[in-house]
Amino acid sequence: MQPFTQRVVETIKSIPEGKVATYGQIAELAGSRRAARRVVWVLHAMSEAHGLPWHRVVSASGEIALRDDEARMMQTMLLEHEGVEVDDRGRIDLDRYRYRPGDAD
DNA sequence: AGTGTGACTTGGG
DNA sequence: ACCCAAGCCACAC
């Protein structure tokens, strides 16, 4: 596994319950600001094997990015279970729920 | 090696 | 706020 991939995995694992991070944010935290699409690939390839909290990753617009309706429902359910509000269009208020590393909560 | 694809992002209109 | 075109990076064929 490439170092960047490893860092993406660690970054995703570091997102706390009740918070979300965007693809671009994860890419930046892992050291490559423009690598949002690699984050997508990591989620596909490593989510299961590494037990990643994949549901805490959303798009820069605060939207659930999954295409598949069932999967969207699943993500919505997992997030709301952690106290993250998701509206009926699958949108999340990033001002409220965005993960900010280093914040004292 | 070229092309297509993806749970993306940004910038412009 | 929505739509679109480019840019982005790695992978599979």
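We name chains A, B, ... by the order of the sequence lines, and we start the count at 1 in each one.
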Between the protein and nucleotides 9-11 of chain C, which nitrogen or oxygen pairs are less than 3.5 angstrom apart?
residue	atom	partner	partner atom	Å
C:dC9	O3'	A:Arg38	NE	2.9
C:dA10	OP1	A:Arg38	NH1	2.9

Output the rounded distance in Å from [atom1] ([X]) to [atom2] ([N]).
{"X": "A:Ile26", "N": "B:dG6", "atom1": "CD1", "atom2": "P", "value": "20 Å"}
{"X": "A:Arg98", "N": "B:dT9", "atom1": "CZ", "atom2": "P", "value": "12 Å"}
{"X": "A:Glu63", "N": "B:dT9", "atom1": "CD", "atom2": "C1'", "value": "13 Å"}
{"X": "A:Asp68", "N": "B:dG6", "atom1": "CG", "atom2": "C1'", "value": "15 Å"}
{"X": "A:Arg67", "N": "B:dG6", "atom1": "CZ", "atom2": "P", "value": "8 Å"}
{"X": "A:Leu43", "N": "B:dG6", "atom1": "CG", "atom2": "P", "value": "16 Å"}
{"X": "A:Arg33", "N": "B:dT9", "atom1": "CZ", "atom2": "C1'", "value": "10 Å"}
{"X": "A:Arg89", "N": "C:dA1", "atom1": "CZ", "atom2": "C1'", "value": "9 Å"}

Check your understanding: With a 4.5 Å heavy-atom cut-off, do A:Arg34 and A:Glu28 have their side chains touching?
Key -> no
Review point. Within a strict 4.5 Å, meaning less than it, do heavy atoms of the A:Ile26 and A:Ile15 side chains meet?
Key: yes
Review point. Distance between the C1' atoms of C:dC13 and B:dA7, in whole angstroms?
Key: 22 Å
Exercise for review: Answer yes if the side chains of A:Thr5 and A:Arg38 hold a donor-acceptor pair under 3.5 Å, and no otherwise.
Suggested key: no
Check your understanding: Do A:Gln2 and A:Gln6 have side-chain atoms, one donor and one acceptor, less than 3.5 Å apart?
Key -> no
Practice item. Start with the C-alpha gap between A:Trp54 and A:Ile12, add the side-chain angles, then the distance that decides, and say whether side chain to side chain contact (heavy atoms under 4.5 Å, CB included) holds. Key: CA-CA 7 Å; A:Trp54 57 270; A:Ile12 293 171; over 6 Å; no
Review point. With distance as the sole test, does A:Arg72 use its side chain to make a donor-acceptor pair with the main-chain N or O of A:Leu66 at under 3.5 Å?
Key: yes
**Study point:** Exercise: identify the closest heavy-atom pair between A:Ala30 and A:Val8
**Key:** CB-CG2, 3.7 Å
Exercise for review: Applying side chain to side chain donor-acceptor pair (under 3.5 Å), name anything that partners A:Arg37, two or more places apart in sequence or on another chain.
Suggested key: none
Point to revise | Neighbours of DNA chain C within residues 46-58 of chain A, by heavy-atom distance under 4.0 Å | key: none
Exercise for review: For A:Leu78 and A:Val84, run side chain to side chain contact (heavy atoms under 4.5 Å, CB included): C-alpha distance rounded to whole Å, both residues' side-chain angles, the deciding distance at 0.1 Å, then the answer.
Suggested key: CA-CA 9 Å; A:Leu78 289 168; A:Val84 176; over 6 Å; no
